[in-house]
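Remember, predicted model here, so these are calculated numbers, not experimental data. Proteins come first, then strands; the chains are lettered A, B, ... in the order of their sequence lines, and each starts at number 1. Keep in mind that the numbers below use all heavy atoms, side chains included, and drop hydrogens, waters and symmetry copies.
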Protein chains: 2
Amino acid sequence: MKDTTQDRQPWLDPETGTCPVGETLRLLGGKHGPSVLHCLMSGEMHFLELTRALDGISRKVLTAQLQEFERSGLVARIEKHDARRRVGYSLTAKGSDLGAILSQLYDWSQAHRDRAATR
Amino acid sequence: MKDTTQDRQPWLDPETGTCPVGETLRLLGGKHGPSVLHCLMSGEMHFLELTRALDGISRKVLTAQLQEFERSGLVARIEKHDARRRVGYSLTAKGSDLGAILSQLYDWSQAHRDRAATR
DNA sequence: GCAATTGGGCACCTTTTGGTAACCGGAGAC
DNA sequence: GTCTCCGGTTACCAAAAGGTGCCCAATTGC
């Protein structure tokens, strides 16, 4: 038996056995994921436009990240059949909602910038 | 020269040249960071209590994570000088505020659970 | 003396992640 | 035809993150 500590992990979803918050954070992806999302909040962008805007991300990682976002339904991929056959990426409503929460992290960082532990 | 795209990365802090949101997310740590934080939202816990509650995290990673949280001022380390010399960890106000935002991620995950891309 | 508890530290290994560079295929421009 | 742009894909490599297991020091209980 586990122990006498508690009822065990009330922050876990009893159905899936996982932490929804952790899962959600995982959706944000790796090193550049949040930046990509944040970047797209200003509107639709093309693939190479993103690589240039993020400046430091490799095409490999960006494609992987965008595909993951597409699978999770955060981002929509739009193939333009114009001359340059460019591909646009934009946030879905779901992704946009998530981006709004990310903005609160920005507010948090501003609120707690210099006053150490706010003790 | 850069390009004609835009004014360049308005989501970056002009002072530090970094994305505050990305930096904040980085504070959450790796695989188990958010869980640790979430776990501590229910109150102060001891080291081994955390290892048992999280069940799957190694002591090495937990130690590193807690030290990182302490450095960032999210968590306070309290040495008890009682019989067992146990060490308590609890959220600071700063960490607590951050935890509150994490809770919104939970709400988001509930809101977008089954309706795919919410298009 | 000996074991167990508590909170670590350290060395070693595997997995994951990300970067680099090359290549590809379709369409225009020349 | 060749060159370039665009959006990828692939193979290869380096770094980072995480897991395992062992050691340690102080204290209590036997």
By side chain to side chain contact (heavy atoms under 4.5 Å, CB included) - contacts of [X] (at least two apart):
{"X": "B:I78", "answer": "B:E44, B:K80, B:S90"}
{"X": "A:I57", "answer": "A:H32, A:V36, A:L54, A:V61, A:L62"}
{"X": "A:L102", "answer": "A:L28, A:L37, A:L105, B:V21, B:L25"}

message: At 4.0 Å (heavy atoms only), tell me whether A:G88 reaches a base, stays on the sugar-phosphate, or touches nothing.
response: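 Nothing: the residue A:G88, judged by heavy atoms under 4.0 Å, touches no strand.
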query: Heavy atoms under 4.0 Å, any strand shown: does B:T63 hit a base, just sugar-phosphate, or nothing?
result: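 Contact class for B:T63: sugar-phosphate only.
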query: How would you list all residue pairs meeting ring pair (Phe, Tyr, Trp, His ring centres under 6.0 Å) that involve residues 43-87 of chain B, not counting sequence neighbours?
result: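 As it turns out, there is no ring pair (Phe, Tyr, Trp, His ring centres under 6.0 Å) pair with a partner in residues 43-87 of chain B once direct neighbours are skipped.
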Can you check nucleotides 1-5 of chain C for protein contacts, nitrogen or oxygen pairs under 3.5 Å, and list what you find?
none

B:S96 side chain vs B:L91 backbone, donor-acceptor pair below 3.5 Å: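 Between the backbone of B:L91 and the side chain of B:S96 there is no qualifying donor-acceptor contact (under 3.5 Å).
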query: Is a donor on one side and an acceptor on the other found under 3.5 Å between the side chain of B:T51 and the backbone of B:R59?
result: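 No, B:T51 side chain to B:R59 backbone: no donor-acceptor pair under 3.5 Å.
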To the nearest angstrom, how far is [X] atom [atom1] from [N] atom [atom2]?
{"X": "B:Y89", "N": "C:dT6", "atom1": "OH", "atom2": "C1'", "value": "11 Å"}
{"X": "A:R59", "N": "C:dC24", "atom1": "CZ", "atom2": "P", "value": "14 Å"}
{"X": "A:E68", "N": "C:dT16", "atom1": "CD", "atom2": "C1'", "value": "13 Å"}
{"X": "A:E49", "N": "D:dC5", "atom1": "CD", "atom2": "P", "value": "16 Å"}
{"X": "B:Q67", "N": "C:dC10", "atom1": "CD", "atom2": "C1'", "value": "13 Å"}
{"X": "A:R52", "N": "D:dC6", "atom1": "CZ", "atom2": "C1'", "value": "10 Å"}
{"X": "A:F47", "N": "D:dG7", "atom1": "CZ", "atom2": "C1'", "value": "6 Å"}
{"X": "B:I57", "N": "D:dG18", "atom1": "CD1", "atom2": "C1'", "value": "10 Å"}

message: How close do B:L27 and B:L74 get, counting heavy atoms only, and between which atoms?
response: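 Nearest pair, atom of B:L27 first, then B:L74: O-CD1, 4.2 Å.
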query: Going by the salt bridge (charged side-chain N to carboxylate O under 4.0 Å, His left out) test, which pairs reach into residues 61-78 of chain B, not counting sequence neighbours?
result: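 Counting only pairs at least two positions apart or across chains, the salt bridge (charged side-chain N to carboxylate O under 4.0 Å, His left out) contacts touching residues 61-78 of chain B are B:R77-B:E79.
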query: Does OP1 or OP2 of C:dG19 have a side-chain N or O of A:H32 closer than 4.0 Å?
result: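 Indeed, a polar side-chain atom of A:H32 lies that close.
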field: Heavy-atom protein contacts under 4.0 Å, nucleotides 12-17 of chain D, coded B base, S sugar-phosphate only, - none
entry: ------
- prompt: Looking at D:dG7, C:dG19, C:dG8, which one has an atom nearest to any side-chain atom of A:R77?
  reply: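 From the listed options, D:dG7 comes nearest.
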message: The criterion is salt bridge (Lys or Arg N to Asp or Glu O under 4.0 Å); which residues satisfy it with B:R26, sequence neighbours excluded?
response: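 B:R26 satisfies salt bridge (Lys or Arg N to Asp or Glu O under 4.0 Å) with B:E23 only.
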